[in-house]
Amino acid sequence: MASVNMSNIHLTSFLLMAFPGADAANSYISLALCFVYLLSIMGNGSILLIIRMDNHLREPMYLLLSMLAATDMSLALSTLPTVLSVFWFDYRRIHIYACFTQLFCIQTLCAMESAILVAMAFDRYVAICIPLRYNSILHPIISKIGLVAVIRGVLLMLPTPFLLNRLPYCGNDMLSHAFCYHPDVMKLACADTTINNKYGLAVVLCTYPLDSLVILLSYVMILKTIQSKARQTEILKGLNTCVSHLCVVLLFYIPLIGLTLAHRYGQKDSHLLLVMMGGVFLVIPPALNPVVYSMKTAQIRKAILKTLRAK
């Protein structure tokens, strides 16, 4: 009878979780997270500011980089309130509608970032394979690329909070992360989630595998073009322009695949693994992406040094 009564209680909030069994280290973890978030916001903000201020950085490559920086900064800000409230103030409750809003923002921004990475791969393909038509091809469509990335992300993820809202939630109210993640929330529903699972699978198949395949094909074409050139210096120069993008692609897709597999095949006692993979996926790439581009892109590095010298 107690279990029946308990199952009839519909939850209106969820309990966010931190690292299990690490309460004594929470102060150190919170300082590390604060540093990473600060690095992410300041790094991406600096990239945006430098590209806006420097008239020499008006090529499509840098405009796409500014889109990536804006997406990364938004992704960091979408998880910042709940993560810091858990680790700083030990406040773990989040209202169900706030949770749905957060997971919608996270999923939309991730889909947008994946689309921008595809656009950046196309940018490298045009720059290396059709260099004489680089500006004529990309300049007219650069704003449309950003608009398409936003529209695709919003339209694909818009049904998600509504599909979750129709489900009843009862009994267990503990999430695996310090933020709301769609598969994690869906596990707490005490009803049939077949529609949610099928729609989620369809969305995933329409975004990340397709996007990664387009990126792979772009680099196959780039390698074919580079190999057809006789001089080794041209080969190295062509590959060097792709290094930053390849690093960012790996930083995005490897943690994404790891988190997806951990949620799908992880054991019940693998909560620590889920927390770590979630943190790596949503916190580390936005912080490291501006560092990668600042170190590997000479024009960005020169613009940063020029700004620092002027100050």
Min side-chain heavy-atom separation [X]-[Y] under 4.5 Å:
X      : Y      : answer
Met61  : Leu65  : no
Leu11  : Ile96  : no
Met17  : Asp184 : no
Leu205 : Leu201 : yes
Ser78  : Phe179 : no
Leu158 : Thr108 : no

If I compare all heavy atoms of [X] with all of [Y], which pair ends up nearest, and what's the gap?
X      : Y      : value
Leu175 : Cys180 : CD1-SG, 3.9 Å
Leu163 : Leu167 : O-CG, 3.7 Å
Pro81  : Leu77  : CD-O, 3.1 Å
Val249 : Ile215 : CG2-CD1, 4.3 Å
Asp211 : Ser114 : OD2-OG, 2.6 Å
Thr82  : Ser85  : O-OG, 2.8 Å

Donor-acceptor pair, side chain of [X] and main chain of [Y], under 3.5 angstrom:
X      : Y      : value
Ser66  : Leu63  : yes
Arg92  : Phe14  : no
Ser212 : Pro209 : yes

For side chain to side chain contact (heavy atoms under 4.5 Å, CB included), just list the numbers for Asn196 and Arg166, CA-CA rounded to whole Å, side-chain angles, deciding distance to a tenth of an Å, and then say yes or no.
-> CA-CA 10 Å; Asn196 297 68; Arg166 71 182 182 86; 2.9 Å; yes

Could you state whether [X] and [Y] fall into the same hydrophobic cluster, counting links through intermediate Ile, Leu, Val, Met, Phe, Trp or Tyr residues with side-chain heavy atoms under 4.5 angstrom apart?
X      : Y      : result
Tyr219 : Leu213 : no
Val154 : Val203 : yes
Leu223 : Leu217 : no
Leu164 : Ile195 : yes
Ile141 : Val150 : yes

Any chance you could lay out the side chain to side chain contact (heavy atoms under 4.5 Å, CB included) test for Val283 and Val83, step after step, and finish with the verdict?
-> CA-CA 10 Å; Val283 178; Val83 171; 5.7 Å; no

Check the surroundings of atom [atom1] in [X]: do more than 12 heavy atoms from other residues, nucleotides or ligands lie under 6.0 Å from it?
X      : atom1 : result
Arg133 : CZ    : no
Leu15  : CG    : yes
His95  : NE2   : yes
Arg52  : CZ    : no

Can you name the one residue among Met120, His245, Met112, Met73 that meets side chain to side chain contact (heavy atoms under 4.5 Å, CB included) with Leu68?
->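 Exactly one candidate clears the test, Met120.
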
Once you round to the nearest 0.5 Å, how far does [atom1] of [X] lie from [atom2] of [Y]?
X      : Y      : atom1 : atom2 : value
Met157 : Thr207 : CE    : OG1   : 5.0 Å
Ile47  : Asp72  : CD1   : CG    : 10.5 Å
Cys34  : Leu80  : SG    : CG    : 8.5 Å
Asp54  : Ile50  : CG    : CD1   : 8.5 Å
Thr12  : Tyr169 : OG1   : OH    : 13.0 Å
Ile254 : Leu259 : CD1   : CG    : 14.0 Å

Aromatic contact, His182 with Tyr199 (centres under 6.0 Å) = no

Which residue pairs pass the ring pair (Phe, Tyr, Trp, His ring centres under 6.0 Å) test with at least one member in residues 100-143, sequence neighbours excluded?
-> none

Carefully, step by step, assess Ser244 and Val248 under the rule side chain to side chain contact (heavy atoms under 4.5 Å, CB included).
-> CA-CA 6 Å; Ser244 301; Val248 171; 5.6 Å; no

Could you tell me which residues satisfy side-chain contact (heavy atoms from CB on, under 4.5 Å) with Ile257, sequence neighbours excluded, listed by chain and number?
->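 Leu261.
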
Determine, step by step, whether Asn44 and Ser40 satisfy the side chain to side chain contact (heavy atoms under 4.5 Å, CB included) criterion, reporting the C-alpha distance in whole Å, the side-chain angles of both residues, the deciding distance to 0.1 Å, and the verdict.
-> CA-CA 6 Å; Asn44 289 293; Ser40 176; 3.5 Å; yes

